[in-house]
Trainee: 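My questions all concern the structure below.
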Amino acid sequence: MSQTILDLDDVSVSFDGFYALTDLSFSLRPGELRSIIGPNGAGKTTFLDVITGKVRPTKGDVTLRGKSIVGLSEQKISRLGVGRKFQTPRVWENLTVQRNLELTASPNKNPFALLTETLSDVVKDEVFKIMEYVGLAPYAKWQAGSLSHGQKQWLAISMLVAQSPDIILLDEPVAGLTDEETSKTADLIKSLAGEHTVVVIEHDMEFIRDLGAPVTVLHQGQKLTEGMLEEVKADPRVIEVYLGESDDD
Amino acid sequence: MKLFKRLIPWILLVFAFFILPVMADKDLFGFSQFRLNLFGRYFSLAFVALGIDLIWGYTGLLSLGQGIFFSLGGYAIAMHLLLVTKNDFTTGANGLPKFFENYGVDQLPFFWEPFWSFLVSIAAIFIVPSIVAGLVGYLIFRNRIKGVYFSIITQASLMVFYHFFNGQQKLVNGTNGLKTSTTEIFGLQAGSDDAQLLFYRITLILLPFAFLLCKYLTSGRFGDSLIGIRDDEPRLRFSGFNPTPFKVIVFIVAGALAGVSGALYTVQSGIVSPQFMSISMSIEMVIWVAVGGRGTLVGPILGAVVVNYLRSLVSEALPEAWLFVQGALFVFVVVLMPDGIYGWFTKGGFRAMLAAFGLAKKTATYPKLDLDESAQSESASA
Ligand SMILES: Nc1ncnc2c1ncn2[C@@H]1O[C@H](COP(=O)(O)OP(=O)(O)OP(=O)(O)O)[C@@H](O)[C@H]1O
Ligand SMILES: [Mg+2]
């Protein structure tokens, strides 16, 4: 058990009898980078929902560092070190870029601390560095709602980096980004792995190849196979699942 | 110019504090003691509007029950005044407030006892509403009730309080309410011009403090969290924040402000009654905020004063017309000025209007620079 940081043990999720996940088992080692692919509706987002406390598993257990987190609130799980980027980039549109980042970077998240404590220079510097790195520094004082889609993606990812959870879960981080931005995101993610445990969900195969991480293929709520991208792509079952879908190669 | 804009509200406040009473005293420009007293009431309503701005404008929770807290503040000060005043208008034969005689009550109800004390009563004005708001808020927010359900529950609570106060003749004089105009305070009769001027001044002295309190709450990361709750609450949870205490705190502060509002309004209108807990009054409070501009703090103050002043003017001219005018005003603002009068003003609406009539040069800053793609790439390369 001490080898893994996160485990899903025979997890099923049913929405009124429809199984979005079926008997799924999955483990992550600390510092690991893992990619998850699968056709639309495979259950990828539901997989993150079940880890982050949005959805309660109908059956099975989710354990973080050996302790079950089933039934904990979203904020408790987050405070235990699990951070998430949503499929559509979710930022607070009426706050500035900088304030979006400073809020998630706040080490102390209770109301009285937020009222009385000023953010330390260390955290402020950190926020500034992140903005510089992703090229959002010139937009620091802009309302997040006025950013372009790509910039919102970057901001959403940056907010996770600022929050710095042990486990970073990214749902489609490069959707809508240019090729250049995509490869920059890949670099950022690779630099995060090691210190953080990172899970990346994507449809973009080029990007997945760039990451060079082990791939888990989900299909109809089940784990189809696991392996490096080239092995996985040679698997006849995977080819069959993706048949009819355009190969993004 | 920017500084001047920010100073305008303060200049108006200083004007209201120093000049209006002189105008009333000298009957300048048709301004009278009667008008001054009305303005005192409008300003006292600004407190409850500020609270609604916190809970609704910033946090996105539309409370239709602020009348509860408003009335509790009003009853607190009225009970004190009725107890400590000893004159023929107010005091009955048995030494208790006179209305008790009508119902044959000769033993003061126990919950009146603390209101003998001036300090306790002053504290009760905001502490009692805070406690009620804290309890109601905790139950509602812990169960993740929000949106329309929150509005409905607050309105239902309002109706419970309304019917309770209406029915309790022997405790609080039921429908008739408690009359403060014949009571005495600081050696003055509460209804006299001198006392009214004093209440007016107290109201205007307290108002900036209420404003600064709200400013303090909304300007830092606490305020950002409120906006975060309003714009995307689940996102805030996934970032490790528990929204419940934030909402409870804001609801308590809004309740406390409503209590102060109710107390100031009561002494200046001369009576507190269950009418303050009517459904329509709490909805009107929301209208003031919408008209003034929610999420702006200055807006709600402006809205409370302007709408109520308008109400007086319209009612004096055409007594039956106000409800229609109010409805029309609300629709007009919601449709054409989503940020209210103040938001419209600060976002250049006034200039744009002048420009439309050819009275000012069109400026390049409107419509919003932020939305302009070319401006974006320009500032990116800068
Ligand atoms: N709250 C819900 N209620 C009912 N059905 C749901 C719910 N959430 C997801 N589903 C269903 O569960 C299945 C898996 O959805 P999920 O969003 O996890 O897929 P996905 O792999 O993320 O797909 P995509 O690549 O399109 O994002 C889908 O068929 C979806 O319709
Ligand atoms: Mg998905």
Side-chain angles (χ1 to χ4, degrees), chain A residues 48-49 52-54 73-86 89-96 98-119 135-139 141-148 151 156 159-160 162-163 165 169, chain B residues 57-60 141-144 213 215-253 294-296 339 343 347 367-382:
Chain A
L48 296 193
D49 288 346
T52 53
K54 187 176 175 208
S73 64
E74 300 92 319
Q75 63 265 24
K76 285 231 175 76
I77 293 174
S78 170
R79 287 183 190 194
L80 289 173
V82 181
R84 166 178 191 183
K85 183 216 154 279
F86 291 82
R90 275 162 75 175
V91 298
W92 293 292
E93 308 229 324
N94 286 297
L95 297 180
T96 64
Q98 187 176 354
R99 283 174 165 239
N100 265 284
L101 287 164
E102 286 182 353
L103 199 56
T104 42
S106 301
N108 214 336
K109 283 162 178 159
N110 74 69
F112 294 105
L114 290 175
L115 258 184
T116 54
E117 291 170 12
T118 48
L119 208 57
L136 283 173
Y139 305 92
K141 302 286 179 215
W142 284 40
Q143 303 244 304
S146 57
L147 297 178
S148 70
Q151 289 171 323
M159 282 159 74
L160 261 189
Q163 186 186 335
L169 307 168
Chain B
Y58 282 88
T59 320
F141 299 134
R142 196 197 52 164
N143 291 311
R144 298 199 182 189
L213 171 71
K215 195 89 201 160
Y216 169 70
L217 290 175
T218 53
S219 48
R221 280 177 296 143
F222 180 86
D224 289 349
S225 314
L226 302 184
I227 294 173
I229 290 173
R230 181 189 71 192
D231 290 354
D232 191 342
E233 181 177 343
R235 179 73 186 80
L236 205 64
R237 286 187 188 275
F238 288 110
S239 305
F241 294 80
N242 182 4
T244 307
F246 288 87
K247 296 191 212 170
V248 173
I249 290 170
V250 168
F251 201 47
I252 287 175
V253 175
R294 60 193 172 121
T296 62
D339 300 312
K347 289 189 179 157
K368 257 170 84 189
L369 190 69
D370 308 2
L371 298 174
D372 191 337
E373 286 284 336
S374 61
Q376 272 189 29
S377 50
E378 265 167 38
S379 60
S381 58

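Just so we're on the same page: letters track the sequence lines, and every chain starts at 1. Please read these numbers as outputs of a predicted model, since none were measured by experiment.
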Trainee: Flag the one option from B:Leu217, B:Asn242, B:Ile227 with the top tally of heavy-atom pairs under 4.5 Å to chain A.
Mentor: B:Asn242
Trainee: What option among B:Ser225, B:Pro245, B:Gly240, B:Gly295 has the most heavy-atom pairs under 4.5 Å with chain A?
Mentor: B:Gly240
Trainee: For a quick test of reading the model, state the closest non-hydrogen atom pair linking B:Asp224 to A:Leu95 and the distance between them.
Mentor: OD1-CD2, 3.5 Å
Trainee: Tell me, out of A:Val82, A:Leu136, A:Leu103, who's got the most heavy-atom pairs with chain B below 4.5 Å.
Mentor: A:Leu103
Trainee: A:Lys54, A:Arg84, A:Glu93: which one forms the most heavy-atom pairs within less than 4.5 Å of chain B?
Mentor: A:Lys54
Trainee: Can you tell me which of A:Ser106, A:Pro165, A:Ala137, A:Ala113 forms the most heavy-atom pairs within a distance under 4.5 Å of chain B?
Mentor: A:Ser106
Trainee: Taking the side chain as everything from C-beta on, heavy atoms only, tell me whether B:Phe222 gets closer than 4.5 Å to B:Ile249.
Mentor: yes
Trainee: Pick one of side chain, backbone, both or neither for A:Asn110, based on which atoms fall under 4.5 Å of a heavy atom in chain B.
Mentor: backbone
Trainee: Using a strict 4.0 Å threshold on nitrogen-to-oxygen distance, state whether B:Asp231 and A:Arg90 make a salt bridge.
Mentor: no
Trainee: Checking side chain to side chain contact (heavy atoms under 4.5 Å, CB included) between B:Phe141 and each of B:Ile229, B:Thr244, B:Val250, which is the one that passes?
Mentor: B:Thr244
Trainee: Which of the residues A:Val91, A:Asn100, A:Asn94, A:Thr104 is involved in the greatest number of heavy-atom pairs with chain B at under 4.5 angstrom?
Mentor: A:Asn94
Trainee: Under a 3.5 Å threshold, yes or no: a donor from one side chain and an acceptor from the other, between B:Ser239 and B:Arg235?
Mentor: yes
Trainee: Scan side-chain atoms only and decide if A:Ser146 and A:Gln143 contain a donor-acceptor pair under the 3.5 Å cut-off.
Mentor: no
